[in-house]
Amino acid sequence: MLSRPKPGESEVDLLRFQSQFLAAGAAPAVQLVKKGSRNAGDANLDQPPLEDHRDVVMLDNLPDLPPALVPAPHKRARPSPGHPLAEHEDPEERLNRHDQHITAVLTKIIERDTSSMAVNLPVPSGVAFPPVFHRSQGRQRKPATAGKKSIFAQEIAARRVSEARVPPIKEVVSSLDPPEGSVTCESLMPTEQDYQLPWGSHSFHGPHLVTGKGLRGQEPEQEAQTIHEENIARLQAMTPGEILQEQQRLLAQLDPSLVAFLRSRSHTHEQAEEKATEEPRPGGPFAEVTGEESIMPTSANESRQEDKLEPGAPVPALPVAPHKEWLHMDTVELEKLHWTQDLPPLRRQQTQERMQARFSLQGELLAPDVDLPTHLGLHHHGEEAERAGYSLQELFHLTRSQVSQQRALALHVLAQVIERAQAGEFGDRLVGSVLRLLLDAGFLFLLRFSLDDRVDGVIAAAVRALRALLVAPGDEELLDSTFSWYHGALAFPLMPSQEDKEGEDEDEEPAEKTKRKSPEEGNRPPSDLARYDVIKGLLATNLLPRLRYILEVTCPGPSVVLDVLAVLIRLARHSLESATRVLECPRLIETIVREFLPTSWSSVGVGPTPSLYKVPCAAAMKLLRVLASAGRNIAARLLSSFDTRSRLCRFVAEVPQEMALPPEEAEMLNTEAFRLWAVAASYGQEGGLYRELYPVLMRALQAMPKALSTHPCQPLSMQRIASLLTVLTQLTLAAGSTAPKASSDSAEASLSATPSLITWTQVSGLQPLVEPCLRQTLKLLPRPEMWNALGPVPTACLLFLDAYYRAWSQQPGLCPGDWLQDMERLSEELLLPLLSQPALGSLWESLGRCSPLCNPQYCAPAPEALPSLVSLGCTRSCPLLSLTGSASPFPVLTALLSLFNTVAQIHKGLCGQLAAVLAAPGLQNYFLQCVTPMAVPHLTPFSAWALRHEYHLQYLAINLAQRVAAFQPMPATSAALHHGMALALLNRLLPGSEHLAHELLLSCVFRLEFLPERASGGPEAADFSDRLSIGSGRASGCGRGALLAQACQDLPSIRGCYLTHCSLAQASLLASQALYRRELQRVPALLLPLPKEPLLPTDWPFLPLIHLYHRASDTPSGVPPADTMGTAMRALQWVLVLESWRPQALWAVPPAARLARLMCVFLVDSELFRETPIQRLVAALLARLCQPEVLPNLNLDCPLPGLASFPDLYANFLEHFEAVSFGDHLFGALVLLPLQRRFSVTLRLTLFGEHVGALRALGLPLTQLPVSLECYTGPPEDNLALLQLYFRVLVTSALRPCWCPVLYSVAVAHVNNFIFSQDPKSSDEVKAARRSMLQKTWLLADEGLRQHLLHYKLPNSTLPEGFELYPQLPPLRQQYLQRLTSGMPQNGISET
């Protein structure tokens, strides 16, 4: 018998099987019959099937090459064999003959003859109208024919039967009333129906299951009936509870399949009985329903209830009893009627377990035990139906509903929840973040899908929810209210600061990272982008075209329009890229400008506006202003391409009272128009509008005193006046600025180097109009309530005077005496009297209370802050005494210091008089708080924004101090305080303030006048302190005082060194200089760089040393760079100055990091550490690190900034020491310092295990050890591997007291303590090692080492050996030694 092919057999095996089969001549298992083709018809049906023609594969006959591809012949339509085509048949006649269209049928209609048929008259009735047809009639009639009939067909059949019988009228009337003995369903109470048992007497006429078949008796049926009657009697004697209990017991004992069989048999029998009982029932208009029948369920329903409901459970009480005659209620399914019951009682929480949060329709968080009425619509049929409110999961489910109202309601509730969560209303009542949970669940894309809905209500709700998610109302109010502050128009982008990609290589170059990431970012799906940046994820979903479609096509209501504009403003604040995409979205800006910034419109009254289309909207003007702030090119395109200039003129020229708009909207629109003009003027653009609108501006300035005298002041009016003054400030600066010189590295500056369209003569008359307004506002300074109501108006007035005098002094053709004389007048009449006012002193006193730097709680992140969705986290109600509060002193004091700096820079003679502001006690106390070492607030979007404004005040005060110090000596305490403040500020400045950092390095930080210690005995005090310090046994050939005095003389060289090594990015520095120097033609944008971290690292004093180390590591030849000696010496000098006189400046640099930076000096090359100046400076700095108050803070086990691993650095340091140290004592001191007992054992294992050769070069005497010897010997060493290494280097003489006295005493101390320790908790391995080590010590041939190991007592660095010895061993040690070495020869040869 041939076998079947198996897996793994090749084609050769298959061919072999085929040949064997053919040779055997066996019959095939399958006969192949080849049918005739469809085209051949029946011609081949009579031929017998081919039997012997088998398909045999022959590889030999196959051609070597595949056949050529020849196109198949064209097919022709062939007639069917049974229906040949006639040669001369007309096709039209053929179509008509086979036409089956309805017209062929309708043309052959023949009317039926009704002349011989009888006509029946309507049946007379005894009532006015025929009876109403009820469904119960059709349900109780027996169909005449098999199959289903509709109710209409059943009624027609019944009428025909009645018409044939024609009953009398009284019979018809009597049939309308039910019989007296019948009971309808309505007469049964729900309680009666619920407690009726399913075993009524009518159902027990005979046995259903036991038939008596198989019995040997003569009457098997009678016997079965007897058994049945006994069962009935027993059932009637039992209570319902006993019956149910017995039923449970039987169900538990019987096989489930048997139970199912019995139930199906009973069901079939009862159906037959019902069919038999229904046949003789007469069909009347109403079916009679008795009480038993109304409560008796069918067997099918009974079996279903048994399957669904637990046995023994009571039938649920329903508020309305279901009737069998109701539609679709012939079979009652109680589990589907549970929702009609009353709600279960509210469960009280007895434990502290977490419960699912539920919210009201207004987004309020409902307490778990709150009991609310059901008419509020907060109860539903989901999980926990007894609890009111909707969970987030249920709201998500509703957003996918097919009912548009439910979708809109769910989105509305979610928007309310988000708004309340961002406002911090939930507090700590919720575990986790609501926004994070929603975004992780895909809420962002749910909103995006909802925006594509066809229903306007759903679109409106989706836009509202999107605004609630993206826009923080407090942020916009804060940025608008601070627009007129000192550089208030500048803002940081609201985008995440972390990398978009996880797991990116940190060592990768930024340029390579950008090249590698940029092409991939466009290909990443929106879901991945949204995980790190919500705005980027939204923009990737074509959000902008959809918003444009909503505005352009759907024309929604006012609220939706405002929501869309708010979302667009938030997108524009994200980054320059997002603002560019908003600008370049097709027809988006055109639609907004055309529809919401028209030049003519119908009058709009006070109250709700039905539509915002063709009505000016302040939000649309604000959008243009935010877009223009993103860059000068965007501003130029907005003003030139969208006819914005004419609209700007339109809304500036008309006062708000004359606009046909609501008063508040008119004020806001006029304010935003001024702000847009101010932004354009910040780039030196739209200066020509000043000439066109000069009368309007003069009229507005003349109306300012009247508006300021109105009490109470209107906030919107004050914002409008401040915006007007900001426009005039920028225009004045434009009149005083000159065109920048074109540079090769600044293409944008060269392109924008256009002369200003405003001249000085056009703005010179503004100062007499603004100065009286300033005087009027300063009169309200003693009255806090009225002063706070002025808002930013005093600040804007001071900034205008600052810009006015700055521009005046830059005019080349004017006499300097004019502006100098005017400054003296201003100083005598306004500034100096202001300094003597107590109210101004109270402002200085409140600096510390309002400072975010001194009060980090003001900068705490928002309750719902997310890394992927950046916001300032501001609430609408900020504290009164805070940087953003209405009583904040920062804006007006910053503007005042800016004016003082300008006056002091122009008029040097007024420096002495203006210096009184620096002596204010409030400012001194504030500086003392800022200089005190403290933790800087965590860098969040709000903290970066707030700290930037605070740093402006600090810088202006320090800058004024250094201007004053150039002309008159300052008190020593004030000079030191200002120097410490400058150092602290340099550590904290953020991106965008590169110019301030450069100026601090250039002037204040390395200024000799700010180091009063040099002339007040500072160097001598340093030498005296070193002599008094305990443990300083270092030979003082050149004391620290001389080093400090030399450093003070070398300050110019030190400053040049740090200007070189602390240089900032050139492009960022130029942009910052253009902003702070008011060079408008070179300002690239009002959008600051992203504040990821401060400009300079906290260890910036060590930057030259770090650069030297990296340069030496990158130089393969090992040749040191040029001027290595000078750079290292200048850096060490400056670090020594800070360590000695400004230790708080290095507070943020841990001692371990300072030690690592000093080690870099020795790793630069092999000769630098030998230079005498370097030796002295490093020794002085090492002594500072080893002071008793600093040494406990030296922690080498914690992560260090800028250092991947200290053990790796130490291993490199040991390798370098072993190669080039030649026993240098200072080098050796740095090697020994990390080997203290409290540091990681890894460092000691590295030396004694991998660099044993370095022990011979560690010849540092015990007297020159910078720390106490007890730091190395205690507590006892517990690492067995290190102890074995100690013993090995001692026994092998790799460690000798003449080579390395420090480590020799340390190793002897730890080995002695180990061999004589008798800790019973030690492991067997440790006990065996201890015993072996003691025995080997006893057998040592070196008597001196043996004596040291056995008789060691205490460490003592004054002795030559470094430790004391016992004259003889204590008794306990002696006994222990004798017990372990009994029978061993003394001074024998040690075992190997």
Side-chain angles (χ1 to χ4, degrees), residues 183 185 187-215 217 219-274 277 289-324 329-338 340-342 344-345:
V183 181
C185 294
S187 64
L188 291 175
M189 299 299 293
T191 55
E192 296 178 6
Q193 294 184 11
D194 292 340
Y195 291 99
Q196 290 292 334
L197 297 176
W199 41 76
S201 61
H202 74 290
S203 62
F204 293 112
H205 299 305
H208 292 173
L209 302 177
V210 181
T211 59
K213 286 186 178 182
L215 294 179
E219 297 179 355
E221 295 181 359
Q222 184 178 358
E223 188 68 22
Q225 184 67 25
T226 303
I227 296 175
H228 175 65
E229 292 176 356
E230 292 178 359
N231 292 338
I232 293 299
R234 181 172 297 182
L235 286 175
Q236 291 178 351
M238 298 173 65
T239 63
E242 294 176 349
I243 294 176
L244 292 176
Q245 183 178 0
E246 189 68 20
Q247 181 185 14
Q248 290 294 322
R249 187 181 64 81
L250 290 176
L251 291 175
Q253 293 177 355
L254 296 177
D255 186 12
S257 60
L258 178 60
V259 174
F261 168 72
L262 295 177
R263 285 177 175 172
S264 63
R265 183 180 179 88
S266 175
H267 174 56
T268 306
H269 186 78
E270 291 185 6
Q271 279 187 344
E273 287 186 354
E274 289 184 2
T277 55
V289 184
T290 63
E292 292 180 347
E293 293 173 345
S294 64
I295 63 175
M296 178 60 197
T298 61
S299 300
N301 190 25
E302 183 177 333
S303 64
R304 187 179 293 109
Q305 290 178 9
E306 291 179 359
D307 294 338
K308 300 282 184 170
L309 302 177
E310 295 183 0
V315 180
L318 304 178
V320 179
H323 292 194
K324 193 166 60 175
M329 292 300 290
D330 50 350
T331 302
V332 179
E333 299 178 85
L334 295 178
E335 68 276 5
K336 295 184 179 180
L337 298 177
H338 285 177
T340 62
Q341 305 178 60
D342 292 336

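- Atom CE of M238 sits about 8.0 Å away from atom CD of Q245, to the nearest 0.5 Å.
- Taking E246 as the reference, R249 meet the side-chain hydrogen bond (donor to acceptor under 3.5 Å, both in side chains) condition, with sequence neighbours excluded.
- Looking at Q225 and E229, their side chains come closer than 4.5 Å, going by heavy atoms from C-beta outward.
- Put simply, OG1 on T239 and CG on L244 are 8.5 Å apart, with the number rounded to the nearest 0.5 Å.
- In plain terms, the two heavy atoms of I243 and L235 that are nearest each other are CD1-O, 3.6 Å.
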